[in-house]
Amino acid sequence: MVIASIDLKDGHVVQLKNGKDLVLQRDDADALMAEFDRYGEVAVIDLDQALRNTDEKGNTKNTELLKRLLRRGNVRVGGGIRSVKKARELVSLGAEKVIVGSAAWNPAPKPGESVLNVAFLEELNKAIGKQRVIVSVDAIHGKIAVKGWTETVDIPLIDGAKEAEKYCSELLFTCVEKEGCMQGTDMEAVRALRSAVRCRVVAAGGVHSLEQVAELESLGCDVQLGMALYTGAVRLPDAFISCLNWKKTGDLIPVIAQSPAGEVLMTGYANREAFARSFETGKLTFYSRTRGALWTKGETSGHFLELVRMRADCDRDSVLATVIPHGGVCHTGSFTCFGSDPDEKSSLERLAATIRERFANPRPGSYTATLDAKRVREKIMEEAEELCDEAETRDDVIWEAADLLYFVSVLLHKENVTWQDVYDELDRRHKEK
C-alpha cells in the first residue's frame, strides 16, 4: 500500500530533489493529513531535525506542527531521532511508529564490531517495542546514507539491512539518487532488498507512476510517496485500488464498515468502480451481487455512511472502512446489521454528539441549552460532591456518575474539547511510563 509523506522544513511542507534542492513548498499540512489519512498511513518527517537545525531545547521550526499532526491519523514519524527519550516522547504524543536513521548505525565499525549501534537499538526495542521501530536503510550508490543524506558509511545496503531487521518491524529504503527526480526508483536494489530480508519493506525515492506502485506491491513492498503525489503523477485513490489483491479475490473484495467508536455496522462487497465511487463522493458504495450494479448505502433511505478512512488488511484481500452512520444501517431499521437495537449504543461519543446538537439546535424546554460556562462548572462540583459523599449503594454510584459525566461532557463541548482528546491524553500518559 501507499504511505503518503509529509516532509517538514522551516515550518512548511516541502519536497526536495536528492534531499537538497527545494522543488515545492506549501502550508496546508493539516489539510494534507486529513486527505492522506483516508487512504492509509502517513509519514511525517522533520527534515530540520535530521539536519540538526534545532534550538537550545532541541526543537525545530516544525516541532509544534509535527505534534499537532501526530494524532490526526495513523502516523509514523522520522527525522533526527537520536535518543530513546525522543522516541518515547513521539510515541506518547501519538506516533504509531518511529523511523530511526543515523542513530541506528555504527559509521566506523572495527573488526568484529556490528555495523549497527546495537546498544541504542536494544534500548529502543525495550522502551517502545520492536513493532514500533522502523530502521532507515537509505542508500547512495549502494552504501548506507546518514546525517540527513549528507554522508555515507562503508556499509553495503544488503549487509546493513540483514542486520537491521533484527531490531525493527520494517525497513524504509530510500534510493537517494532518485529522490524527488520522478524518474522511477532503483527496482534492482528493491528486489535484492526484498529477497534478503523477511520483515516489511517500504520503498521510497523516485517512484513516479501508478504502474511502478503496482509493481512494487507485487513484490511485497509498500511505497512511500512524496513528489508523485504533490505533482499529481499518482492519485491516492488509484494507488489504493491498484494495491488490493484482485488476483486472489477476483473482481470483488469484502468491505467491513465500522463506526468511529469501533462498532461493526455491516459488510458488503466492492469492485474497483465501487471503491472509486466511495472516494469520489465520500459515501460508502458497494457492488450489489444480486442486482449486478453499484449501490451507495442510503441512496433510497437517506441513511448513508460518511467515509472517514479505508484500510486494507495485511493480505490486501479485505478492507475495513471507518464511517459515520447517518441513521440506522440495517434495512430492518436497526443501527447495525449485527443487532436488533434501533439505536446506537450509548457511549461518551454519542452523549457528546447529543449535547452538540442541543446547543446547535436548541429545543423548547431543553435543559442542556440553558447551561452557561459558570453554571456547568457549579454543577460539576455539585455532582462530584454527591458522588463522593452521598452515593452509598451501587445504584447510587451509577446514578451520580452518570450525572457527573453528563456535566463534564457539556463543559468539554463549551471548551471545544472532545472525548478523543481526553483519551489521547490518557494514552500519552500510559506510553510515557
Side-chain angles (χ1 to χ4, degrees), residues 2-81 86 89-90 93-99 101 136 138 148-150 172 174 176 178-182 202 204-208 223-240 279-280 282 307-309 416-418 420-421 424:
V2 167
I3 299 164
S5 185
I6 298 178
D7 297 347
L8 304 176
K9 194 173 192 304
D10 295 325
H12 309 286
V13 178
V14 301
Q15 282 293 290
L16 306 180
K17 182 178 179 180
N18 304 131
K20 297 180 293 183
D21 302 323
L22 180 66
V23 177
L24 62 86
Q25 176 177 299
R26 48 198 293 178
D27 294 297
D28 56 347
D30 294 284
L32 286 171
M33 175 61 73
E35 172 66 12
F36 291 168
D37 180 63
R38 175 176 281 194
Y39 306 97
E41 301 165 70
V42 182
V44 180
I45 311 298
D46 188 338
L47 297 178
D48 288 310
Q49 193 70 247
L51 295 170
R52 297 181 185 269
N53 297 329
T54 60
D55 60 20
E56 64 278 1
K57 295 182 179 179
N59 295 324
T60 73
K61 293 181 180 180
N62 311 311
T63 297
E64 292 306 312
L65 174 57
L66 184 148
K67 289 180 179 179
R68 191 168 75 235
L69 296 176
L70 284 180
R71 289 198 184 273
R72 300 196 174 185
N74 300 123
V75 178
R76 51 186 55 204
V77 63
I81 300 173
K86 182 65 175 180
E89 177 191 5
L90 291 167
L93 290 170
E96 294 187 357
K97 295 188 177 185
V98 297
I99 306 167
S136 289
D138 304 334
W149 301 343
T150 60
L172 172 60
T174 301
V176 179
K178 303 285 189 177
E179 175 68 14
C181 295
M182 294 293 289
V202 181
V207 179
H208 68 308
V223 184
Q224 188 166 307
L225 284 186
M227 191 72 76
L229 294 180
Y230 293 98
T231 60
V234 177
R235 296 177 62 253
L236 279 174
D238 299 333
F240 183 95
F279 290 134
E280 179 185 352
L307 180 62
V308 177
R309 66 177 61 91
N416 195 30
V417 175
T418 69
Q420 187 60 54
D421 294 329
D424 288 346

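Just so you know, residue 1 is the first one in the sequence shown, and it goes up from there. Here the structure is a predicted model, which is why all the values come from computation and not from measurement.
Between Gln15 atom CD and Leu22 atom CG the span is 9.5 Å, to the nearest 0.5 Å. Between Gln49 atom CD and Asn62 atom CG the span is 9.0 Å, to the nearest 0.5 Å. To the nearest 0.5 angstrom, Met227 atom CE is 10.5 Å from Ser5 atom OG. If you take CG on Leu66 and CG on Leu93, they are separated by 8.5 Å, rounding to the nearest 0.5 Å. Tyr230 contributes atom OH, which lies 6.5 Å from atom CZ of Arg26 (distance to the nearest 0.5 angstrom). Interatomic distance, CD1 of Ile45 versus OG of Ser136, reported as 7.5 Å (0.5 Å rounding).
Of the listed residues (Glu41, Arg309, Glu96), just one forms a side-chain hydrogen bond (donor to acceptor under 3.5 Å, both in side chains) with Asn74, and that residue is Glu96. Results of the side-chain contact (heavy atoms from CB on, under 4.5 Å) test with Leu69 over Val75, Asp30, Val42 single out Asp30 as the only residue that passes. Only one option out of Arg72, Lys67, Arg68, Arg71 pairs with Asp424 in a salt bridge (charged side-chain N to carboxylate O under 4.0 Å, His left out); it is Arg71.
Between Phe279 and Tyr39, the two ring planes are tilted [angle within 30° to 60°].
Contact detail for Thr174 and Gly205: the closest heavy-atom pair is CG2-CA, 4.2 Å. When all heavy atoms of Leu229 and Ala4 are compared, the pair lying nearest together is CD1-CB, 3.6 Å. The shortest non-hydrogen separation linking Val234 to Ala239 is CG1-CB, 4.1 Å. Scanning both residues, Ala29 and Leu65, for their nearest heavy atoms gives CB-CD1, 3.9 Å.
Under the 4.0 Å criterion applied to side-chain N and carboxylate O atoms, Lys57 and Asp55 are not assigned as salt-bridge partners.
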**Request:** Report the C-alpha separation of Ile99 and Ile81 in whole Å, then their side-chain angles, then the decisive distance to 0.1 Å, and conclude whether the side chain to side chain contact (heavy atoms under 4.5 Å, CB included) test is met.
**Result:** CA-CA 7 Å; Ile99 306 167; Ile81 300 173; 5.5 Å; no

**Asked** Phe36 and Leu236: side chain to side chain contact (heavy atoms under 4.5 Å, CB included), yes or no, with the steps?
**Response** CA-CA 8 Å; Phe36 291 168; Leu236 279 174; 3.4 Å; yes

**Request:** Kindly indicate, with the supporting measurements, whether the criterion side chain to side chain contact (heavy atoms under 4.5 Å, CB included) is fulfilled by Met33 and Ile6.
**Result:** CA-CA 8 Å; Met33 175 61 73; Ile6 298 178; 4.2 Å; yes

**Message:** Applying side chain to side chain donor-acceptor pair (under 3.5 Å) to Asn53 and Thr60, what does each step give before you reach the verdict?
**Reply:** CA-CA 6 Å; Asn53 297 329; Thr60 73; over 6 Å; no

**Prompt:** Do Leu90 and Leu70 pass the side chain to side chain contact (heavy atoms under 4.5 Å, CB included) test, and can you show the C-alpha distance, the side-chain angles, and the key distance before you say yes or no?
**Reply:** CA-CA 8 Å; Leu90 291 167; Leu70 284 180; 4.2 Å; yes

